[in-house]
Amino acid sequence: MVTPTMEPFAYRDGRLFAEGVDLADLALAVGTPFYCYSHAHLSEQAERFDAAFAKLPHLTCFSVKACSNLAILALMARRGLGFDIVSGGELARCLAAGAAPATIVYSGVGKTAAEMKQALEAGIRCFNVESPGELDLLNQVAGELGVTAPVALRVNPDVDPQTHPYISTGMKENKFGISHREAVAEYQRAAAMANIEVVGIDCHIGSQLTSVQPFLDALDRLLALVAQLAAAGVTVRHLDLGGGLGIRYRAESPPTPAEYATPLVERILPTGLTVILEPGRVLVGNGGCFVTRVLYTKENDGKRFVIVDAGMNDLVRPTLYGAYQEILPVAAHAERPNRIVDVVGPICESGDFLARSRELVVVRPGELLAVMSAGAYGFSMASTYNTRPRVAEVMVQGERYHLIRERETVASLMAGEHIPEGV
Ligand SMILES: *Cc1c(COP(=O)(O)O)cnc(C)c1O
């Protein structure tokens with residue numbers, strides 16, 4: 001049974017809380033900026049998503065790149081989820097978090113021989129192969145190790161997910177996957193390879209999708225291919241539908257996990273196939289927020305700026321995708337007026353903003369702002385540009401909080417750098 005929805009972040013007496021913890025208290029305890037995740041929300045989303053596919057033999061593989069902190073991976077693993085990885089580094093994270101190798105699938109267009117070896121030695125569940133060259137190399141690496149590599153081909157179904165071009169991955173102009181027109185020939189080649197075992201078929205059409213139709217279109221393409229493959233003598237046991245289910249950042253109304261799953265389950269059930277899902281954003285996006293402190297406010301020729309201690313290196317989505325993320329004052333200030341402002345960071349780039357032309361209550365230096373829906377592609381996309389140590393991550397659980405990642409230090413950023421003699 002899935003527990004009823006709780007709001008992970010809500011005001012109590014004009015102060016913004018994460019579950020039972022005042023974000024202002026957290027800011028004093030860990031400093032700013034920091035990411036804060038709700039244990040209850042993450043657990044609930046994982047359980048709810050997984051339960052939506054209960055009628056099918058299935059494996060829900062959390063997409064590690066959405067939020068890859070070990071504590072979050074451990075939380076997912078303990079709720080029976082597997083993982084979708086895109087690098088050897090992510091594989092190491094999953095294993096460190098206690099994941100069973102048989103629950104890990106490996107996606108990505110640029111796997112190296114070393115990463116293939118690492119994953120074969122670990123004994124992962126499946127490689128989602130994205131090109132003929134990758135298939136050849138995987139066969140060779142598996143041969144050298146004397147093992148067989150379980151493989152699904154990532155097919156590009158050429159459907160338009162109607163999302164931002166940077167996060168659309170399943171159209172023919174994207175770099176991902178193998179054309180659905182070439183898939184049968186490539187599967188026949190794979191099936192004939194000595195160290196490859198064909199186990200599934202895979203696609204991933206994009207991210208932040210807010211309707212079910214593109215998923216159904218992709219499923220139809222895949223099921224048609226499964227039939228063509230069977231006719232050609234190639235059997236697949238699982239269907240991997242990738243990730244991509246969207247969340248609400250502002251006014252979107254994406255399908256719930258159940259609304260997403262129900263029509264898919266209906267179509268897959270008669271096939272007897274196992275289904276693998278690779279959700280990322282939907283499991284963690286709304287379960288995290290990002291807290292920053294106001295440094296200055298200023299006005300240039302009538303344009304107002306709120307300058308905060310967080311930059312695009314800490315949270316890149318607003319500038320990279322033009323993404324809207326709600327910004328809330330940690331103390332509500334109901335008595336103050338609103339203003340149209342740009343919320344900007346300290347980085348030397350004009351693209352360094354968290355919000356542009358945003359209506360926000362008047363805030364003063366020293367006060368705190370919370371950027372909402374920051375659990376997915378927040379910390380995991382952070383960089384150290386401008387020699388800014390990556391921020392702390394905190395997980396709140398009821399009235400308690402856990403520091404799940406310490407703030408980096410400048411010393412740790414410089415470690416490994418060397419000044420040669422005579423430079
Ligand atoms: C990023 C990614 C996902 C997760 O996407 P979300 O939109 O976060 O659900 C799943 N599968 C693959 C192959 C990906 O690259």
Side-chain angles (χ1 to χ4, degrees), residues 42 45-46 48-50 52-53 59-68 72-73 76 81-87 89-91 94 103-111 115 119 124-131 134 151-157 159 161-171 174-178 200-212 214-215 218 222 238-249 252 254-257 260-261 264 275-288 317 320-321 323 373-381:
L42 301 184
Q45 281 300 95
R48 174 180 293 131
F49 189 97
D50 196 56
F53 289 90
L59 181 64
T60 302
C61 293
F62 173 56
S63 176
V64 173
K65 74 181 191 290
C67 190
S68 41
I72 294 194
L73 302 184
M76 299 291 174
L81 272 64
F83 298 94
D84 171 45
I85 60 169
V86 291
S87 71
E90 288 189 350
L91 173 57
C94 290
T103 66
I104 298 172
V105 299
Y106 190 172
S107 304
V109 293
K111 304 176 191 80
E115 287 175 315
I124 65 161
R125 170 135 178 175
C126 187
F127 290 83
N128 291 334
V129 169
E130 304 216 17
S131 66
E134 183 189 338
V151 158
L153 296 188
R154 175 167 174 181
V155 173
N156 186 331
V159 301
Q162 295 172 334
T163 183
H164 190 283
Y166 285 13
I167 48 179
S168 151
T169 55
M171 293 169 77
N174 300 129
K175 70 176 176 180
F176 299 100
I178 294 168
I201 187 165
D202 169 55
C203 75
H204 170 69
I205 58 175
S207 201
Q208 185 53 18
L209 274 70
T210 52
S211 83
V212 182
F215 292 111
L222 252 54
H238 80 243
L239 202 62
D240 182 336
L241 295 179
L245 184 58
I247 61 169
R248 185 186 176 98
Y249 284 101
E252 303 92 335
T256 63
Y260 158 77
L264 296 172
V275 67
I276 293 179
L277 295 315
E278 302 172 352
R281 187 187 313 268
V282 67
L283 298 192
V284 292
N286 286 330
R317 294 189 67 260
L320 182 60
Y321 308 120
S373 305
Y377 307 104
F379 187 92
S380 65
M381 292 183 93

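None of these values were measured; they are calculated from a predicted model. First listed ligand is number 1; within each ligand, the first listed atom is number 1. Values reported hereafter were calculated over all heavy atoms of this structure, with side chains retained and with hydrogens, waters and symmetry mates removed.
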Do Q208 and Y377 come within less than 4.5 Å of each other through their side chains, counting heavy atoms only?
-> no

Within the heavy-atom cut-off of under 4.0 Å, ligand 1 is lined by S63, K65, D84, S107, R154, H204, S207, G243, G244, E278, P279, G280, R281, Y377

task: Please tell me if the side chains of Y106 and R125 come closer than 4.5 Å, counting only heavy atoms from C-beta onward.
output: no

Exercise. Return the orientation label for the F49 and Y260 ring planes: parallel under 30°, perpendicular over 60°, tilted otherwise.
Key: tilted

key: Test item: M381 and L320 side chains (from C-beta on) under 4.5 Å apart, heavy atoms   = yes

Without hydrogens or angle criteria, can the side chains of Q45 and N286 be said to hold a donor-acceptor pair below 3.5 Å?
no

For this session: Check step by step if salt bridge (charged side-chain N to carboxylate O under 4.0 Å, His left out) holds for K111 and E134.
Result: CA-CA 8 Å; K111 304 176 191 80; E134 183 189 338; 2.6 Å; yes

